[in-house]
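On a predicted model such as this, the values are computed, not experimentally measured, just so you know.
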Amino acid sequence: MASVVGDRLRLVVKVLGSLVADEVGQATRLRRSTKRDDWSPAEAADASAGAEQRRAKAVRHALESLGPFYVKLGQMLSTRPDMVPQSIRDELQNLHDEVDVQPFSAFEPVLARDLGPDWKLRFDDIETVAPLGAASLAQVYRVTLPGGRPAVVKIQRPGIREGVLADMALMRRASKIVAKVAPRFNEVIDIEAMLGSVFDAMEPELDFTGEARNMDEARENIRSFRSLQVPRVLHASPRVLVQSMAAGTSVRHLDRHHFTDDERMEIGRDLLRFMYHGYFVHRMFHADPHAGNVFAVPGGPATLIDWGMVGRLDRRTSLQLLPLFMTLAQNDGPGLAHHWAEMGRLTPWANMPAFAADMAAFVPKVSHLSLEDMNFGVSLTTVLAKATKRGIGSPPAVSLLGKSFANLDGSVRCLAPEITLPEVFQGEVPKILLALGREYLGRNQFARNSMELLLAAVTSPEQMRGVLADLANRRFALHVHEPRTPAAMGGQRPTRPSGGLLALGALAYLLGRRR
């Protein structure tokens with residue numbers, strides 16, 4: 001592993017060194033050109049814009065040349081206006097995960113190692129001339145199983161796992177250096193934590209048994225959404241995945257006129273509903289639901305493929321994300337600002353009033369728009385940029401969430417651009433609250449709540465005796481604070497009482513009674 005890390009380090013240094021040298025040369029030429037007396041301000045501005053565009057393209061090409069890990073990282077950075085300028089973000093959105101197709105013979109040793117020397121007996125036929133898809137981590141081929149059933153086999157590229165793990169090790173070292181060199185920047189944007197969430201999401205892409213588990217979990221979660229399905233896993237090993245074939249074509253290339261309005265609208269709404277439940281109820285969501293990963297066919301369910309990159313949220317982050325969505329749907333800018341700060345963290349120099357004013361001006365512009373007129377991923381990055389500017393750190397999961405949101409609304413837009421996200425979300429809120437209420441009243445959570453109440457009952461008499469002693473000695477003082485004053489001043493955020501969750505459970509119960 002050490003030798004692989006060393007090789008990757010030399011390659012990264014070489015590529016980045018060439019990028020820096022090219023940038024220095026471009027800057028020198030631009031500086032000389034703009035000093036010309038015969039250039040107008042407009043010509044100088046055009047030259048500067050051209051140089052900026054060349055710089056952005058050079059960054060994209062550098063990331064693509066470094067391989068799959070840096071492509072994924074670039075895709076994340078394309079949703080982070082707090083870290084990357086607009087010109088480079090626009091170019092990073094063109095990052096693609098497609099590479100030159102390797103001959104099937106390069107993958108035969110992988111099949112032999114994972115499936116055994118008699119791997120050919122597992123299939124009646126393999127279309128080896130041209131793969132169905134070729135990405136930087138794997139190639140996918142159409143196969144026919146014994147009995148004539150069509151399927152696909154996904155085969156990991158030889159040696160790719162070692163290279164990606166080496167890149168991850170390098171980035172972990174780099175993040176620690178950034179934290180030491182730029183502590184103020186790191187306080188707002190925790191690079192190490194952000195990378196950790198990306199690494200966790202990418203792990204199943206390096207071991208297909210993890211992707212298979214994701215598919216099995218997603219298939220259970222998607223059952224209640226009749227217009228959607230997840231492929232069935234037929235075999236999984238670390239480097240080989242055999243799964244059922246997705247019917248139809250990707251929504252990126254389909255003709256909407258082949259579908260009835262009811263069909264495409266229902267698929268679009270179900271896709272949003274399923275992802276909402278992933279964010280708030282299951283706390284496991286597809287991190288890359290772009291149009292190429294959603295297949296649809298007239299008269300049948302749509303299939304959500306490629307479950308290698310999956311995001312997972314802890315319970316607290318998920319619960320804090322829900323009211324944030326609700327404030328957007330209800331056109332409440334200051335409320336969105338408050339819940340964003342709750343989900344993230346406040347630096348000592350945070351300016352909450354200014355952030356609330358930013359959101360009060362921004363949210364009314366987008367809360368009523370359909371997908372035809374609004375890009376939700378872009379809207380999220382706008383909030384992120386404003387938060388960072390005002391000294392409000394965002395949670396590490398926001399990079400994966402931003403990628404997921406941006407890809408999700410792009411896929412739904414291909415099917416039904418007239419859909420309004422807040423409308424679908426508000427219609428789904430009662431079901432989400434009911435599911436959360438059931439979880440709260442479930443056996444495991446009930447046991448935890450009971451233990452907390454017992455602990456409070458044990459400690460309360462001692463606390464009461466202390467208060468009475470203070471009263472007797474005239475040392476008792478009552479301090480009244482605005483609930484979030486400490487956090488607004490950069491201090492610790494007060495702990496929420498469990499009453500909020502009890503109210504959530506009661507609300508969910510009432511909603512369930514009304515159904």
Handout entry: Basic-acidic side-chain contact under 4.0 Å: Asp358, Lys389
Key = no
Handout entry: Heavy-atom donor-acceptor pair, Ser244 side chain to Arg232 backbone, under 3.5 Å
Key = yes
Exercise for the section: State whether the side chain of Ser404 and the backbone N or O of Leu400 hold a donor-acceptor pair below 3.5 Å, judged by distance alone. Expected result: no
Problem - Electrostatic pair Arg264:Glu418 at N-O distance under 4.0 angstrom - result: yes
Practice task
Please name the residue in the list Tyr141, Phe107, Phe104 that meets the side chain to side chain contact (heavy atoms under 4.5 Å, CB included) test with Pro131.
Solution key: Tyr141
Handout entry: Pair Asp114, Ser237: side-chain N/O donor-acceptor within cut-off below 3.5 Å
Key = yes
Problem - Within residues 197-256 or reaching into it, pairs that qualify as ring-ring contact (aromatic ring centres under 6.0 Å, His included) - sequence neighbours excluded - result: Phe69-Phe199, Phe225-Phe274, Phe225-His277
Practice task
Answer yes when Asp314 and Arg283 have at least one side-chain N-carboxylate O distance shorter than 4.0 Å, and no when they do not.
Solution key: no
Problem - Steps toward side-chain contact (heavy atoms from CB on, under 4.5 Å) verdict (Met343, Leu321) - result: CA-CA 7 Å; Met343 193 169 66; Leu321 188 65; 3.7 Å; yes
Exercise for the section: Give a yes or no answer on whether the side chain of Arg312 reaches the backbone of Phe285 with a donor-acceptor pair at less than 3.5 Å. Expected result: no
Handout entry: N-O pairing of Arg219 and Asp216 below 4.0 Å
Key = yes
Practice task
Check the side chains of Glu266 and Ser227 for a donor-acceptor pair under 3.5 angstrom, ignoring hydrogens and angles.
Solution key: no
Handout entry: Pairs touching residues 289-323 that satisfy ring-ring contact (aromatic ring centres under 6.0 Å, His included), sequence neighbours left out
Key = His286-Trp307
Exercise for the section: Would you check if there is a donor-acceptor pair between the side chains of Arg161 and Gln156 at a distance under 3.5 Å? Expected result: no
Problem - Close side-chain approach of Met309 and Met202, heavy atoms under 4.5 Å - result: yes
